[in-house]
J.: 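Pasting in a structure now, in structure tokens, and then I'll have a few things to ask.
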Amino acid sequence: MFGQIYMGCCEIIIMFSFTRFEEYKKTAEWLLNRTKIRPIVAIICGSGLGGLADRLEDSVTIKYEDIPQFPTSTVQGHAGKLVFGRLVGHDCVCMQGRFHFYEGYSIHTVSYPVRVFSLLGVKTLIVTNAAGGLNDSFSVGDIMIIKDHINMPGFAGQNPLCGPNEERFGVRFPCMSDAYDRELRLKLRSTAEAMGVAHFLQEGVYCMLAGPSYETIAECKLLQTLGADAVGMSTVPEVLVARHCGLRVLGVSLITNKVITDYNSEEKANHEEVLKTTQERTKLLQDLVCGVLKM
Ligand SMILES: *[C@@H]1O[C@H](CO)[C@@H](O)[C@H](O)[C@H]1NC(C)=O
Ligand SMILES: *[C@@H]1O[C@H](CO)[C@@H](O)[C@H](O)[C@H]1NC(C)=O
């Protein structure tokens, strides 16, 4: 279904492809027909953090390409899947492989799964990502609880809630000052303390950029001035849609690299460094998420 937006005296036609409520419902119903799991928690696994899905018990795996209306991966070799199962006694659904705006998906498509999750009965969304550290006091390998976000694509008109509002999901103008659930953040902190890993823990503001290029030095300095502690290319669209439909959100960033802010530096941002750090910390992050679910 296509929508048109009229602005002022001149007519600007923006082609959005809006998904109707019935289509989300059809996807949700189709999924419920294929598993006995009734998830109350959804986990979106960030780059290299998909291992959590392997911990699910009695799991049922469904490829994105098999799910009606579901976005399919445009990238060769990135076959994403939903894994349903039980994690420390809770019925969960895990997204192994998320959709990124920089892959060419619309901002609406990126967050499509979250509305499906809400129709499945999910009440809590846990999002993880790999992010670059902007805050000088962060180290590579730190785990940052997301306290708040800065929606840079939103400043440029890319918000997944743009378009006709579907009241059955939520209100036209949803509040975002409480986007990241305080109680869940405290639970993560207590879990880290109990596990003796609180020294890896940070809390801060996540800033989303569209990507796929990493930031310039001037951009990093700008983001630091704006009060961002970490920067990445995901998470915010899913969180906006989750809050719109009333899900509680816990967001966690793994600081996989530190951004470069010195013109004399010989270092370069590289994806290999990100993957290496992710590999080293992925188990700890999984343990922390399980710890939160246990409380
Ligand atoms: C789900 O299963 C029911 C009962 O078998 C069937 O009537 C319905 O069409 C199915 N829904 C979808 C979307 O597959
Ligand atoms: C960086 O992180 C530290 C420790 O979490 C925090 O106290 C500080 O406010 C953050 N921001 C800046 C700009 O240093």
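What you see is a predicted model; the values in this text were computed from it and never measured. For this chain, numbers begin at 1 and follow the sequence in order.
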J.: Begin from the C-alpha positions of M95 and L82 and carry the test side chain to side chain contact (heavy atoms under 4.5 Å, CB included) through to its verdict.
T.: CA-CA 5 Å; M95 268 185 93; L82 282 189; 3.6 Å; yes
J.: Looking only at heavy atoms, what is the nearest atom pair of L56 and G85, with distance?
T.: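 For L56 and G85, the tightest heavy-atom pair comes out as CD1-N, 3.7 Å.
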J.: For side chain to side chain contact (heavy atoms under 4.5 Å, CB included), just list the numbers for L254 and F200, CA-CA rounded to whole Å, side-chain angles, deciding distance to a tenth of an Å, and then say yes or no.
T.: CA-CA 10 Å; L254 175 60; F200 291 132; over 6 Å; no
J.: Is it true that the side chains of N165 and H244 contain a donor and an acceptor less than 3.5 Å apart?
T.: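 Per modelled atom types, N165 and H244 side chains form a pair under 3.5 Å.
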J.: Check which hydrophobic residues are tied to L186 through side-chain heavy-atom contacts below 4.5 Å, counting indirect links as well, and list them.
T.: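 Direct or chained contacts put L186 with none.
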J.: Please check this pair: side chain of T61 against backbone of K81, looking for a donor-acceptor N/O pair closer than 3.5 Å.
T.: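 Answer holds: no.
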J.: Any salt bridge linking E238 with R115? Criterion: basic side-chain nitrogen under 4.0 Å from a carboxylate oxygen.
T.: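 Answer for the salt bridge query: no.
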J.: Which value, rounded to the nearest 0.5 Å, describes the distance between C45 atom SG and L285 atom CG?
T.: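 Going from the SG atom of C45 to the CG atom of L285 covers 9.5 Å.
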J.: For L288 and C290, run side chain to side chain contact (heavy atoms under 4.5 Å, CB included): C-alpha distance rounded to whole Å, both residues' side-chain angles, the deciding distance at 0.1 Å, then the answer.
T.: CA-CA 5 Å; L288 284 171; C290 291; over 6 Å; no
J.: Minimum heavy-atom separation for M208 to P237, with atom names?
T.: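 What the structure gives for the nearest pair is SD-CD, 3.5 Å.
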J.: Considering residues, nucleotides and ligands other than R172, do more than 12 of their heavy atoms fall under 6.0 Å from its CZ?
T.: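 Above 12, so yes.
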J.: Starting from F173, walk the hydrophobic network (Ile, Leu, Val, Met, Phe, Trp, Tyr; side-chain heavy atoms closer than 4.5 Å) and list everyone else you reach, by chain and number.
T.: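 Besides F173, the hydrophobic cluster comprises nothing; the residue is isolated.
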J.: Supply the atom-to-atom distance N135 CG to E203 CD, rounded to the nearest 0.5 angstrom.
T.: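 These two atoms lie 12.0 Å from each other.
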J.: Would you kindly confirm whether I40 and V289 end up in one hydrophobic cluster when ILVMFWY residues are joined by side chain heavy atoms under 4.5 Å apart?
T.: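 Cluster IDs for I40 and V289 match.
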J.: Could you list the cluster mates of V140? Members are the ILVMFWY residues connected by side-chain heavy atoms closer than 4.5 Å, either directly or through other members.
T.: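 Grouped by the 4.5 Å side-chain rule, V140 forms a cluster of one, so the answer is none.
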J.: Same cluster or not: I150 versus V252, using hydrophobic residues (I, L, V, M, F, W, Y) connected whenever any side-chain heavy atoms lie under 4.5 Å apart?
T.: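 They do not share one cluster, since no chain of ILVMFWY contacts under 4.5 Å joins I150 to V252.
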J.: Is it possible for you to say whether I107 and L209 belong to one hydrophobic cluster, with membership spreading through side-chain heavy-atom contacts below 4.5 Å?
T.: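 No, I107 and L209 fall in different hydrophobic clusters.
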J.: Is any side-chain heavy atom of S253 closer than 4.5 Å to a side-chain heavy atom of I146?
T.: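 Side chain of S253 against side chain of I146, heavy atoms only: contact under 4.5 Å found.
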J.: Who are the side-chain contact (heavy atoms from CB on, under 4.5 Å) partners of Y102, not counting sequence neighbours?
T.: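 Result, side-chain contact (heavy atoms from CB on, under 4.5 Å) vs Y102: H100, P212, M233.
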J.: Begin from the C-alpha positions of F84 and C92 and carry the test side chain to side chain contact (heavy atoms under 4.5 Å, CB included) through to its verdict.
T.: CA-CA 6 Å; F84 289 83; C92 290; over 6 Å; no
J.: Supply the atom-to-atom distance I126 CD1 to I44 CD1, rounded to the nearest 0.5 angstrom.
T.: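 Here the interatomic distance stands at 10.5 Å.
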J.: Provide the closest heavy-atom pair for L161 versus L240 in the form atom of the first, atom of the second, distance.
T.: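 Taking L161 first and L240 second, the nearest heavy atoms are CD1-O, 3.9 Å.
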J.: Mark yes or no for whether R86, through its side chain, and E57, through its backbone, hold a donor-acceptor pair below 3.5 Å.
T.: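 Between the backbone of E57 and the side chain of R86 there is no qualifying donor-acceptor contact (under 3.5 Å).
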J.: Between Y214 and G132, is there a donor-acceptor pair closer than 3.5 Å when you use the side chain of the first and the backbone of the second?
T.: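 It does not hold such a pair.
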J.: Assign the ring pair F99 / Y64 to parallel, tilted or perpendicular, where the plane angle (0 to 90°) is split at 30° and 60°.
T.: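 Taking Y64 first and then F99, their aromatic rings sit tilted (interplane angle of 30° to 60°).
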J.: Looking only at heavy atoms, what is the nearest atom pair of E193 and A198, with distance?
T.: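 Nearest pair, atom of E193 first, then A198: CG-CB, 3.8 Å.
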J.: Heavy atoms only: give me the nearest V249-A242 pair and the separation to one decimal.
T.: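 Closest approach of V249 to A242, heavy atoms only: CG2-CB, 3.8 Å.
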J.: Does any pair with a residue in residues 137-159 pass ring pair (Phe, Tyr, Trp, His ring centres under 6.0 Å), and if so which ones, sequence neighbours excluded?
T.: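 Applying ring pair (Phe, Tyr, Trp, His ring centres under 6.0 Å) to every pair that reaches into residues 137-159, excluding sequence neighbours, yields H149-Y180.
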J.: Compare every heavy atom of S137 with every heavy atom of D142, then report the nearest pair and how far apart it is.
T.: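 D142 and S137 have their closest heavy atoms at OD2-O, 4.4 Å.
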J.: Less than 4.0 angstrom from a charged side-chain N to a carboxylate O is my criterion; do K283 and D287 meet it?
T.: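 Salt bridge: yes.
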J.: Is a donor on one side and an acceptor on the other found under 3.5 Å between the side chain of T225 and the backbone of K221?
T.: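 It does hold such a pair.
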J.: Could you see if V205 belongs to whatever hydrophobic cluster contains L184? Use Ile, Leu, Val, Met, Phe, Trp, Tyr and a side-chain cutoff under 4.5 Å.
T.: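 Cluster IDs for V205 and L184 differ.
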J.: Should R168 and E22 be marked as a salt bridge (Lys or Arg N to Asp or Glu O under 4.0 Å) after you check the CA-CA gap, both sets of side-chain angles, and the distance that decides it?
T.: CA-CA 11 Å; R168 282 171 282 187; E22 288 69 28; 3.6 Å; yes
J.: Determine which pairs satisfy side chain to side chain donor-acceptor pair (under 3.5 Å) with at least one residue from residues 26-43, sequence neighbours left out, and list them in order.
T.: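 Checked against side chain to side chain donor-acceptor pair (under 3.5 Å) - neighbours excluded - the pairs reaching residues 26-43 are T27-Y112.
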J.: Measuring from L201:CG to R189:CZ, what's the distance to the nearest 0.5 Å?
T.: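 Reported to 0.5 Å precision, the distance equals 5.0 Å.
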J.: What distance separates T235 OG1 from N151 CG, expressed to the nearest 0.5 Å?
T.: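 Output value for this atom pair is 11.5 Å.
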J.: Let me confirm one number: the CD-SG distance from Q224 to C207, rounded to the nearest 0.5 Å.
T.: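 So the gap between those two atoms works out to 11.5 Å.
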J.: Is there a path of hydrophobic side-chain contacts, each under 4.5 Å between heavy atoms of I, L, V, M, F, W or Y residues, that connects I143 with V259?
T.: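 As far as the 4.5 Å side-chain criterion goes, V259 and I143 are not connected within one cluster.
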J.: Taking atom NZ as the centre, does K187 end up with more than 12 heavy-atom neighbours from other residues, nucleotides or ligands that are less than 6.0 angstrom away?
T.: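 Yes, the 6.0 Å shell around NZ holds more than 12 heavy atoms from other groups.
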J.: Can we say R248 and D178 salt-bridge, meaning some charged N sits less than 4.0 Å from an Asp/Glu carboxylate O?
T.: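 Result for this pair is no, no salt bridge flagged.
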